Structure formats: C-alpha cells, structure tokens
K.L.:
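Quick one: the structure is below, questions incoming.
Please read all numbers here as calculations on a predicted model, not as lab measurements.
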Amino acid sequence: MSVFFDASALVPMLIQEAKSAAIDTLVDGLDERPIVSDFAAGEVASALARLVRMGALTEQVAQNRLNDFDAWRAGDTLAIDVLNTDVLQAAAFVRQFELGLRMPDALHLAIAQRSGRPLVTLDERMVKAGADLGVLTVSP
C-alpha cells in the first residue's frame, strides 16, 4: 500500500534531523511509490526557505536540496491533486476545536482521508486528530 506524506515527514529526508533515519527506513521499505501533493511540496520549500532566513542553511544548499526533492518527486512518487472538497473537509476538521488543528494540517488529513491512504507525519497532534477522525496515520 502506498502512503501520503505531509511536509513534517518530507523535510527530514532533505535535512538531517532526529527522525531522518526513521523516515529513510520507512521510504526504503515501501512496496509502492509514496504520494506527495503539490501543497506538501510547497510546505517543504517554505520550511527550507525559513531555514535560509534563520541562517541555518545557505541559499545554495537549500536550492540543491530542493532540486534533489524535485527529482525524487518526479521519478519516485505519485502526485495527488488538492480538490475543493479537500479544502471544505479540512475547514470542517478545523471547526472541531477540540482537535486543535491548523488549516494546513487539516488539509493533509482531508487529502489522506479522501485517498484512503495512511498519512505519514511527525506531528503528534495530527496523529491524535487522525485517530479521532478515523484517518490512519503513521509516525515513524
């Protein structure tokens, strides 16, 4: 089965973090290509841009990592469109205040729910919300 990645699980593939090895192991063990939305890819670029602004990465390193990411996406992943119905579902998730979701996180959960694929995330709030919403999540 394929899985759907959010940005929190994609960034450690590009930048060495505590969960990088766990994410790499998960990706290596997949029997189908993972799914990455353009929205998640945009969040990855935003995360690297933030690291550049903070001085944690040079622009050149960030650009090289994004080029690697783009090549990986083009050759090794499946794309999934973000539909208007995903946005509406995410807005409904956000209105469940007890979940404590921000709209971008809710959007990833809505896309995963529609796709019927587990969401790979490192965000514990999303894992809990996924359980409450019946969306399968994987947190390596």
K.L.:
Donor-acceptor pair, Arg117 side chain versus Ala112 backbone, under 3.5 Å?
P.N.:
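No, Arg117 side chain to Ala112 backbone: no donor-acceptor pair under 3.5 Å.
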K.L.:
Which atoms form the tightest heavy-atom contact between Ile23 and Pro12, and what is the distance?
P.N.:
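Result for this residue pair: CG1-CB, 4.3 Å.
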K.L.:
Same cluster or not: Val36 versus Ile15, using hydrophobic residues (I, L, V, M, F, W, Y) connected whenever any side-chain heavy atoms lie under 4.5 Å apart?
P.N.:
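Both belong to a single hydrophobic cluster.
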K.L.:
With ILVMFWY side chains joined below 4.5 Å, transitively, what does Val135's cluster contain besides itself?
P.N.:
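Answer for Val135: Phe4, Ile35, Phe39, Leu78, Ile80, Val82, Val87, Phe93, Val94, Leu99, Leu101, Met103, Leu107, Leu109, Ile111, Leu119, Met126, Leu133.
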K.L.:
Considering non-hydrogen atoms only, spot the tightest contact between Ala22 and Pro140 and give its length.
P.N.:
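In this case the closest contact between Ala22 and Pro140 is CB-CB, 3.9 Å.
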K.L.:
Kindly compute the distance separating CZ (Arg125) from CZ (Arg102), expressed to the nearest 0.5 Å.
P.N.:
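So the CZ of Arg125 and the CZ of Arg102 are separated by 7.5 Å.
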K.L.:
Keeping to residues at least two apart or across chains, list the side-chain hydrogen bond (donor to acceptor under 3.5 Å, both in side chains) pairs with something in residues 13-37.
P.N.:
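Output for this query is empty, none listed.
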K.L.:
Please report the shortest heavy-atom distance between Ser8 and Leu122, naming the atom on each side.
P.N.:
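Closest pair (atom of Ser8, atom of Leu122, distance): OG-N, 2.9 Å.
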K.L.:
As an exercise, state the distance from OG1 of Thr137 to CG of Asp123, rounded to the nearest 0.5 Å.
P.N.:
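Atom-to-atom, Thr137:OG1 and Asp123:CG are 10.0 Å apart.
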K.L.:
Can you tell me how far apart CZ (Arg53) and CG (Leu48) are? Round to the nearest 0.5 Å.
P.N.:
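The CZ atom of Arg53 sits 10.5 Å away from the CG atom of Leu48.
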K.L.:
For the hydrophobic clusters of this structure (ILVMFWY residues joined by side-chain heavy atoms under 4.5 Å, transitively), does one cluster hold both Leu136 and Val3?
P.N.:
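Leu136 and Val3: separate clusters.
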K.L.:
Find out if a path of hydrophobic residues (ILVMFWY) with successive side-chain heavy-atom gaps under 4.5 Å connects Val127 to Val120.
P.N.:
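Hydrophobic grouping puts Val127 apart from Val120.
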K.L.:
Taking all heavy atoms of Pro118 and all of Ser2, pick out the closest pair and write down the distance.
P.N.:
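For Pro118 versus Ser2, the nearest heavy atoms are CD-O, 3.5 Å.
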K.L.:
Are Leu51 and Val61 packed together at the side-chain level, in the sense that at least one heavy-atom pair is separated by less than 4.5 angstrom?
P.N.:
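No. Closest side-chain heavy atoms not under 4.5 Å.
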K.L.:
Which pairs pass side-chain hydrogen bond (donor to acceptor under 3.5 Å, both in side chains) with one or both residues in residues 66-93, sequence neighbours excluded?
P.N.:
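Qualifying pairs, neighbours excluded: Asp38-Arg73, Gln63-Asn67, Asp86-Arg114.
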K.L.:
About how many Å separate NZ of Lys128 and CD of Glu98, when rounded to the nearest 0.5 Å?
P.N.:
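With rounding to 0.5 Å, CD (Glu98) is 8.5 Å from NZ (Lys128).
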